[in-house]
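What you see is a predicted model; the values in this text were computed from it and never measured. Atoms within each ligand, like the ligands themselves, are counted from 1 in listed order.
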Amino acid sequence: MHGAGNDFVVIDCRRQPLPLDAAAIARLGDRHIGVGFDQLLTIEPARDPACAFRYGIYNRDGSEAGQCGNGVRCVAAWLRRDGALGPGLTRLQSPSGAVTVEILADGRVRVDMGIPDFTPAAIPLREAVAAPLYARELGGARVEFGAVSMGNPHAVIEVAAAGRAPVAEWGPALENHTDFPDRANIGFAEVLAPDEIRLRVWERGVGETQACGSGACAAAVVLHQRGRCGSEVRVHLPGGLLEISWAGPGRPVWMTGPAAFVFDGNYHL
Ligand SMILES: N[C@H](CCC[C@H](N)C(=O)O)C(=O)O
């Protein structure tokens, strides 16, 4: 499946746990010797009785993640096709907490991605207090960024032109910076208008992807905090458009976007 070009293998683990360790996941995710994906998603029985199902998130390098915005839209669409997701709002359990999904009449999926957390300890980011901007030296350049947790760690760098951003240089440098103890996803955001941004994301454990749902949420809320965009933002990513709505601090972020099936298969161990 894919959500705006961010692609996934979705494995039904409702009856048995995932029989793959990190090394096996990385082999399966390799686009030359495996099936290839940005993330592997598992669908599991919920551990939280208030949720219908749980989903697991594994990056292509085998590392686990706490949230995946494009992925949960695909999980919702997968469950609807399987007849396991009814109309209206459904709570699903992510590794970092519950989210709420709704499949719209046009087939897009709307998700309550939870409340963004700007506190450094939650990201985690080695900073004493939360600030709208932080700065680090990357390859001799002083780079300013905002930071937030959407259940997974994000840094957001505002750039003049996303198309010319040094994604392949600053992305891995900041992803692996020692001040991000769990690494981080790095967004490069160009403000086109108060309700429109262009975004590219270097994802933790993957590299640059066609889209990042939690990254689109992170960019919208970081730029909103700095007064650079409003509450409703259209986020243009290389793989497609995501719509983000955030009423401000302490409120949940809503994300709306597509989910598509590519092929079905079976794996034999
Ligand atoms: N690379 C991310 C997980 C996938 C997030 C992304 N695919 C999305 O749509 O939110 C991390 O390690 O936190």
Side-chain angles (χ1 to χ4, degrees), residues 1-11 22 25-26 29 31 36-42 55-78 92 94-97 99 101 108-114 116-117 122-125 147-156 167 171-172 174-177 180-189 199-222 233 235-244 246 252-260 262:
M1 300 185 76
H2 77 88
N6 188 197
D7 68 315
F8 311 103
V9 163
V10 179
I11 296 185
I25 291 170
R31 297 194 184 281
F37 49 68
D38 288 335
Q39 281 87 30
L40 184 149
L41 306 172
T42 58
Y55 56 101
I57 306 154
Y58 302 86
N59 287 311
R60 187 189 310 151
D61 69 355
S63 62
E64 287 195 67
Q67 192 51 271
C68 185
N70 291 320
V72 67
R73 299 199 313 274
C74 290
V75 166
W78 192 98
L92 299 177
S94 80
S96 63
V99 300
V101 300
R108 291 186 304 161
V109 185
R110 186 166 174 267
V111 188
D112 169 352
M113 291 286 288
D117 192 337
I123 294 170
L125 170 61
V148 68
S149 173
M150 288 303 306
N152 59 344
H154 289 272
V156 179
V167 176
L174 198 51
E175 172 199 0
N176 297 292
H177 195 287
F180 282 109
D182 294 349
R183 300 188 292 168
N185 303 281
I186 315 302
F188 297 79
L199 179 68
R200 293 170 67 189
V201 182
W202 176 273
E203 282 201 39
R204 173 178 63 171
V206 184
E208 183 171 6
T209 56
Q210 289 294 298
C212 180
S214 56
C217 296
V221 302
V222 160
V233 185
V235 182
H236 298 277
L237 296 124
L241 173 71
L242 298 179
E243 296 181 349
I244 309 298
W246 186 50
V253 187
W254 285 90
M255 169 194 63
T256 302
V262 179

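Within the 4.5 Å cutoff, side-chain heavy atoms of Arg110 are placed close to those of Trp254.
Partners of Trp246 under the ring pair (Phe, Tyr, Trp, His ring centres under 6.0 Å) rule, at least two apart in sequence or in another chain, are His224. The side-chain contact (heavy atoms from CB on, under 4.5 Å) test applied to Val206 returns Asp38, Gln39, Asn59, Arg60, Glu203, Thr209, not counting sequence neighbours.
Side chain of Asn6 to backbone of Gln210: no donor-acceptor contact under 3.5 angstrom is found.
Within 4.0 Å of ligand 1, protein heavy atoms belong to Asn6, Gln39, Asn59, Ala65, Gln67, Cys68, Gly69, Asn70, Asn152, Asn185, Glu203, Arg204, Cys212, Gly213, Ser214, listed by chain and number.
For residues 208-222, the set of pairs meeting the salt bridge (Lys or Arg N to Asp or Glu O under 4.0 Å) definition, not counting sequence neighbours, comprises Arg200-Glu208.
Separation of atoms CG (Leu174) and CZ (Phe180) is listed at 5.0 Å; rounding is to 0.5 Å.
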